[in-house]
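What follows is a single structure, written as structure tokens, with notes after it.
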Amino acid sequence: MELCVALDLPTSFENLELAKKLKDKNIWLKVGLRSFIRDGKKLIKDIKEINPKFKIFLDLKIYDIPNTMADAAESMANLGIDMFNVHASSGKTAMRSVMERLSEMQKPPLVLAVTALTSFDEKNFQIIYGDSIKEKVKQFAKDAYESGLNGVVCSVFESALIKSNTDDNFITLTPGIRLENDNLDDQKRVASVQKASEEKSNIIVVGRPVYTSVNPLEVVEKIMKRM
Ligand code: C5P
């Protein structure tokens with residue numbers, strides 16, 4: 001299992017300070033919408049300058065028509081990032097067009113599909129998607145797998161189920177991880193590091209429990225010890 005720390009802080013300076021504190025760790029760093037809209041490709045360059053071995057996950061969760069998604073995928077890949085994601089609900093044609101475009105590149109990034117956001121509870125998910133989280137996640141994961149993607153973003157609670165419905169090598173990246181005594185924030189379906197490991201999660205994403213701590217390095221080390 002690997003750890004991915006979310007760089008969700010309000011300024012580029014704070015994100016880079018966090019990255020500097022974690023610079024000796026073999027981890028992923030996640031650049032999300034807020035940071036990327038604000039700081040753009042300079043942030044990617046600055047992170048790689050702190051440690052070129054940091055793996056960068058660009059979490060923009062793209063959703064659009066197939067050609068626009070493929071164009072965006074190519075632009076993201078050209079930033080030198082290591083992984084990005086799309087919404088599985090964009091459909092198989094769109095996901096295939098992304099993978100086809102990347103297949104022309106020498107070292108394409110990994111591509112994951114978002115299944116159900118971990119902030120959804122069953123009731124609100126049903127209103128939008130008209131089905132239970134479990135059923136829809138199974139279908140989205142299968143769609144992503146059949147479209148040639150490398151894995152999915154899902155909650156810990158669906159990780160093992162997805163692997164049994166696709167392939168053990170199909171990556172599951174799971175946000176919504178909390179240590180004991182942590183605040184749940186807006187996450188609804190949270191799990192411990194141990195539970196993530198039991199459910200065969202490949203990469204766990206941790207944001208607030210790390211970056212709101214007075215000692216982020218200590219929290220990261222604590223998490224890594226449990227992985
Ligand atoms: O602070 P916290 O640990 O809740 O951060 C989780 C991170 O993972 C956030 O950056 C959030 O946008 C992201 N994420 C998520 N649920 C998903 C996909 C991404 O929480 N399904």
Side-chain angles (χ1 to χ4, degrees), residues 1-12 14-15 18-19 22 27-39 43-44 47 55-63 76 81 83-90 110-122 124-125 128-129 133-134 136-141 143-144 149-159 161-162 171-193 195-196 199 201-214 216 219-220 222-224 226-227:
M1 195 158 77
E2 292 178 271
L3 172 65
C4 179
V5 172
L7 298 182
D8 287 336
L9 285 154
T11 63
S12 173
E14 287 163 280
N15 277 335
L18 177 61
L22 307 178
I27 55 173
W28 288 84
L29 293 178
K30 183 171 90 67
V31 173
L33 276 174
R34 163 150 93 162
S35 298
F36 193 71
I37 289 170
R38 191 189 51 219
D39 306 316
L43 177 62
I44 309 293
I47 294 169
K55 284 169 282 186
I56 301 181
F57 169 32
L58 190 55
D59 179 22
L60 302 184
K61 304 185 182 72
I62 63 167
Y63 181 113
M76 285 192 281
I81 51 136
M83 182 161 72
F84 70 85
N85 57 0
V86 304
H87 268 285
S89 54
S90 62
L110 297 170
V111 186
L112 305 183
V114 177
T115 55
L117 297 174
T118 42
S119 53
F120 270 124
D121 58 18
E122 204 57 67
N124 286 299
F125 188 85
I128 297 173
Y129 295 96
I133 293 177
K134 195 170 162 191
K136 213 66 197 168
V137 163
K138 267 200 291 193
Q139 184 215 316
F140 282 152
D143 289 351
L149 272 73
N150 306 97
V152 287
V153 183
C154 61
S155 94
V156 164
F157 305 99
E158 292 114 30
S159 172
L161 175 77
I162 286 170
I171 298 168
T172 55
L173 173 137
T174 59
I177 305 293
R178 290 294 180 271
L179 298 169
E180 62 281 1
N181 306 325
D182 275 347
N183 192 330
L184 297 193
D185 305 302
D186 59 345
Q187 298 284 20
K188 297 283 192 300
R189 294 176 297 134
V190 301
S192 64
V193 180
K195 177 77 178 160
E199 298 293 325
S201 167
N202 298 96
I203 308 173
I204 53 171
V205 180
V206 190
R208 284 161 286 189
V210 170
Y211 68 72
T212 61
S213 160
V214 285
V219 179
V220 161
K222 198 165 159 188
I223 295 170
M224 291 180 96
R226 294 180 188 187
M227 280 170 20

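Indexing begins at 1, ligand by ligand and atom by atom, following the structure's order.
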What atoms of ligand 1 come closer than 4.0 angstrom to any heavy atom of [X]?
{"X": "Pro209", "answer": "3 (O)"}
{"X": "Val153", "answer": "18 (C), 21 (N)"}
{"X": "Leu117", "answer": "17 (C), 21 (N)"}

**Message:** Below 4.0 Å from ligand 1: does a non-hydrogen atom of Asp185 turn up there or not?
**Reply:**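 No heavy atom of Asp185 comes that close to ligand 1.
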**Prompt:** Out of curiosity, Asp121 CG to Ile133 CD1, how far, rounded to the nearest 0.5 Å?
**Reply:**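 Here the interatomic distance stands at 7.0 Å.
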[X] side chain to [Y] main-chain N or O, any donor-acceptor pair under 3.5 Å?
{"X": "Asn202", "Y": "Thr172", "answer": "yes"}
{"X": "Arg34", "Y": "Asp8", "answer": "yes"}
{"X": "Ser201", "Y": "Val156", "answer": "no"}
{"X": "Asn150", "Y": "Leu112", "answer": "no"}
{"X": "Asp59", "Y": "Phe84", "answer": "no"}

Of the protein's non-hydrogen atoms, which lies at the shortest distance from [atom], and what is that distance?
{"atom": "atom 19 (C) of ligand 1", "answer": "Lys61 NZ, 3.4 Å"}
{"atom": "atom 3 (O) of ligand 1", "answer": "Gly207 N, 2.8 Å"}
{"atom": "atom 6 (C) of ligand 1", "answer": "Gln187 NE2, 3.6 Å"}
{"atom": "atom 16 (N) of ligand 1", "answer": "Thr118 OG1, 2.8 Å"}

**Item:** Minimum side-chain heavy-atom gap Val206-Val219 below 4.5 Å
**Value:**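 No, too far: nothing below the 4.5 Å cut-off.
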**Message:** Evaluate Glu180 against Arg226 for salt bridge (Lys or Arg N to Asp or Glu O under 4.0 Å), listing each step before the verdict.
**Reply:** CA-CA 12 Å; Glu180 62 281 1; Arg226 294 180 188 187; 2.9 Å; yes
**Request:** Only heavy atoms count here, so choose which of Ser155, Pro175, Ser119, Ser35 is nearest to atom 14 (N) of ligand 1.
**Result:**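 Result: the heavy atom closest to atom 14 (N) of ligand 1 is in Pro175.
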**Request:** Run down the list Arg34, Arg208, Lys30, Arg178 and name the one with the heavy atom closest to atom 11 (C) of ligand 1.
**Result:**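 When every heavy atom of Arg34, Arg208, Lys30, Arg178 is considered, Lys30 comes closest to atom 11 (C) of ligand 1.
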**Request:** Please indicate whether any nitrogen or oxygen in Asp8 is less than 3.5 Å from any nitrogen or oxygen in ligand 1.
**Result:**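 There is such a contact, yes.
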